[in-house]
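One structure is given below, encoded as structure tokens.
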Amino acid sequence: MRGFGTTIFSEMSALAVQTGSINLGQGFPDTDGPPEVLDAAIEAIRAGHNQYPPGRGIPALRLAIADHQQRYYGLAYDPNREVLVSAGATEAIAATVLALCETGDEVVVLEPTYDSYSASIALAGAVMRPVTLHHPDYRLDIEAVRAAISPRTRLLLINSPHNPTGRVLDRAELTAIADLAVERDLIVVTDEVYEHLTFDREHIPLATLPGMRDRTVTISSAGKTFSLTGWKIGYAIGPEPLQAALRAVHQFVTFATSTPFQEALADGMEEAARNGYYGELAAAYEDRRRILTNHLSDAGLEVLPVQGSYFLMAGFERLGFSTDMDFCRWLIAEIGVASIPPSAFYQDPSTAPKLARFCFAKRQTTIDEAGRRLKQLGAFRYSNSPS
Ligand SMILES: Cc1ncc(COP(=O)(O)O)c(C=O)c1O
């Protein structure tokens, strides 16, 4: 198994702690989720919701998830048979791949590839077939996807909004994927954990496209959406025959995920539908995106446009470093700011463009302190790079 990305994320986080760096590396907010959701978890514990929940998730949360798909996307799902609550999106991805792939099956993924995909595919004994989204616009090349499909292809596994590039696939790209999936009779797994974090364009769930509802497993993460990543509540939505396979894996991997947090997020999702929470979340992150973009640009880094997720990619080519690992390690050691080298998301890291990924899901004070430190980069530009 590759496990490469995970090692790098841990290394960057450990270095950040050792050096007292501002950590814009790993993708998690440095603020808590909505206070009323936190209170609801405490109340749920006090009210005695502390034993095993039903394996597929508590009914109230499954209902809230099905309501969410209906309300925002016009997609009807049976909360009892077509929704599975998992230990974060990570478990949903692993359970889906393990449930649907046999040894030797192939899974076509978009590269750069979120690191858990390669690990899940390897665990299933399947083979990953990456299709690269090319720098600098990271548009989908549907002919490359077509070329990657073979008689052994079992799944297409896509991600939009995309980590780490911030690309949001548009309707034309998604329609091309849908048409191909229908033509080749493939199941598509779509990781939409950043569904509510789009800035310049709308998020289009793949399952809404013609012919897709019954061949799509949609994965999302209440932990991400509610800035409660440590609660590890995610979910997979899809038609019953696929769900039955997922449940069979989930049953013996985690069986279930935390009862009081499910109770609280069921309330949180219901309330969010009433109080405009999702729009406010995107607006808050849009502001942070602007602030971090300004700091990175002021420091002489070339920031790529980002349409969704809470990540920015910035080019350091002018500083002269030959790899993103060198740059990210140096940035921690000398400047005190941690980022992630996106080569961790490539099957062949040497093909990764010279970029670093920065997370802007942070307090403004955190981002501003990173900006203050990044100002020192100006002095190093052109002259002081180690290579
Ligand atoms: C694209 C993508 N999918 C899945 C996950 C994992 O989500 P969770 O924390 O709910 O397991 C992440 C987390 O960073 C992610 O970026």
Side-chain angles (χ1 to χ4, degrees), residues 23-24 26-41 61 64-75 85 88-90 92 114 159-169 190-205 208 218-235 237 261-294 305-313 357-368 370:
N23 193 350
L24 305 185
Q26 257 186 317
F28 61 87
D30 67 351
T31 48
D32 275 339
E36 57 279 13
V37 182
L38 305 182
D39 289 345
L61 182 56
I65 293 165
D67 282 352
H68 172 275
Q69 297 309 101
Q70 178 71 61
R71 176 186 296 265
Y72 292 98
Y73 308 131
L75 285 165
V85 178
T90 308
Y114 179 64
N159 169 217
S160 177
H162 184 252
N163 176 8
T165 65
R167 253 322 303 287
V168 177
L169 298 178
T190 172
D191 176 343
E192 302 184 3
V193 299
Y194 301 107
E195 62 187 310
H196 288 294
L197 294 181
T198 61
F199 309 117
D200 305 324
R201 59 178 51 178
E202 58 165 341
H203 167 67
I204 303 170
T208 59
T218 303
I219 290 171
S220 194
S221 170
K224 287 275 183 198
T225 303
F226 286 88
S227 302
L228 296 163
T229 57
W231 286 16
K232 294 303 297 180
I233 307 284
Y235 48 90
I237 311 160
F261 295 152
Q262 290 193 50
E263 294 282 349
L265 283 165
D267 289 357
M269 286 184 81
E270 272 172 34
E271 188 53 33
R274 286 191 288 267
N275 68 12
Y277 168 77
Y278 301 117
E280 281 169 23
L281 181 77
Y285 280 135
E286 189 159 11
D287 204 40
R288 317 269 172 83
R289 174 185 69 148
R290 180 184 54 75
I291 297 165
L292 183 59
T293 299
N294 289 342
V306 52
Q307 300 157 345
S309 81
Y310 42 49
F311 302 110
L312 277 174
M313 298 264 267
R357 190 199 75 177
F358 296 86
C359 174
F360 54 86
K362 306 291 173 190
R363 291 188 182 99
Q364 188 176 337
T365 48
T366 310
I367 297 177
D368 285 341

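The shown structure was predicted, so the numbers you read here are calculated from the model rather than taken from an experiment. One-based numbering along the sequence shown.
Using cut-offs of 30° and 60° for the angle between ring planes, the F360 and F199 rings count as tilted. Ring planes of H196 and Y73: parallel class, angle under 30° (limits at 30 and 60°).
Taking the side chain as every heavy atom from C-beta outward, I237 and Q69 approach each other to under 4.5 Å. With contacts defined as side-chain heavy-atom distances shorter than 4.5 Å, the pair V85/Q262 qualifies. Counting heavy atoms from C-beta on, the side chains of D200 and P305 never come closer than 4.5 Å. A 4.5 Å side-chain heavy-atom check between L312 and R357 finds every atom pair outside the cut-off. No side-chain heavy atom of E280 sits under 4.5 Å from any side-chain heavy atom of Y285. Considering only heavy atoms from C-beta on, L61 comes within 4.5 Å of I233 through its side chain. Annotation: side chain of M269 is not in contact with side chain of Y277 (no heavy-atom distance under 4.5 Å).
With hydrogens and angles disregarded, a donor-acceptor distance shorter than 3.5 Å links the side chain of R201 to the backbone of V168. Using a distance-only test at 3.5 Å, with no hydrogens or angles considered, a donor-acceptor pair links the side chain of N159 to the main chain of D191. Side-chain atoms of T208 do not come within 3.5 Å of backbone N or O of I204 as any donor-acceptor pair. Between the side chain of K232 and the main chain of T90, no donor-acceptor pair closer than 3.5 Å is present.
Counted by atom type alone, S220 and E192 present zero donor-acceptor pairs between their side chains at under 3.5 Å. Looking at T366 and D30, their side chains do bring a donor and an acceptor atom within 3.5 Å of each other. Under the 3.5 Å distance criterion, with hydrogens and angles disregarded, a donor-acceptor pair is assigned to the side chains of Y310 and K224. Judged by distance alone, the side chains of R167 and Q307 do bring a donor and an acceptor atom under 3.5 Å apart.
For M313 against T165, the heavy-atom pair with the smallest separation is CG-CA, 4.1 Å. Considering every non-hydrogen atom in both S160 and L169, the closest pair reads OG-N, 2.9 Å. Taking every heavy atom of both residues into account, L265 and W231 meet most closely at CD1-CE3, 3.8 Å. Taking each heavy atom of P161 and S309 in turn, the nearest pair found is CB-N, 3.7 Å. Counting all heavy atoms, side chain and backbone alike, A273 lies closest to Y72 at CA-OH, 3.5 Å.
To the nearest 0.5 Å, atom CD of residue Q364 and atom OG1 of residue T31 are 12.5 Å apart. Note that CZ of R288 is 13.0 Å distant from OG1 of T293, once rounded to the nearest 0.5 Å.
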Checking V306 against F311 for the side-chain contact (heavy atoms from CB on, under 4.5 Å) test, could you report, in this order, the C-alpha distance in whole Å, the side-chain angles of both residues, the deciding distance, and whether it holds?
CA-CA 8 Å; V306 52; F311 302 110; 5.9 Å; no

Between Y235 and I219, does a side-chain contact (heavy atoms from CB on, under 4.5 Å) hold up when you go through it step by step?
CA-CA 6 Å; Y235 48 90; I219 290 171; over 6 Å; no

Between Q26 and T229, is a side-chain contact (heavy atoms from CB on, under 4.5 Å) present by the stated rule, with each step listed?
CA-CA 11 Å; Q26 257 186 317; T229 57; over 6 Å; no

side-chain contact (heavy atoms from CB on, under 4.5 Å) evaluation trace for S227 with L281:
CA-CA 9 Å; S227 302; L281 181 77; 4.2 Å; yes

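Within the structure, the salt bridge (charged side-chain N to carboxylate O under 4.0 Å, His left out) test picks out the following pairs touching residues 262-275 (sequence neighbours left out): E271-R274.
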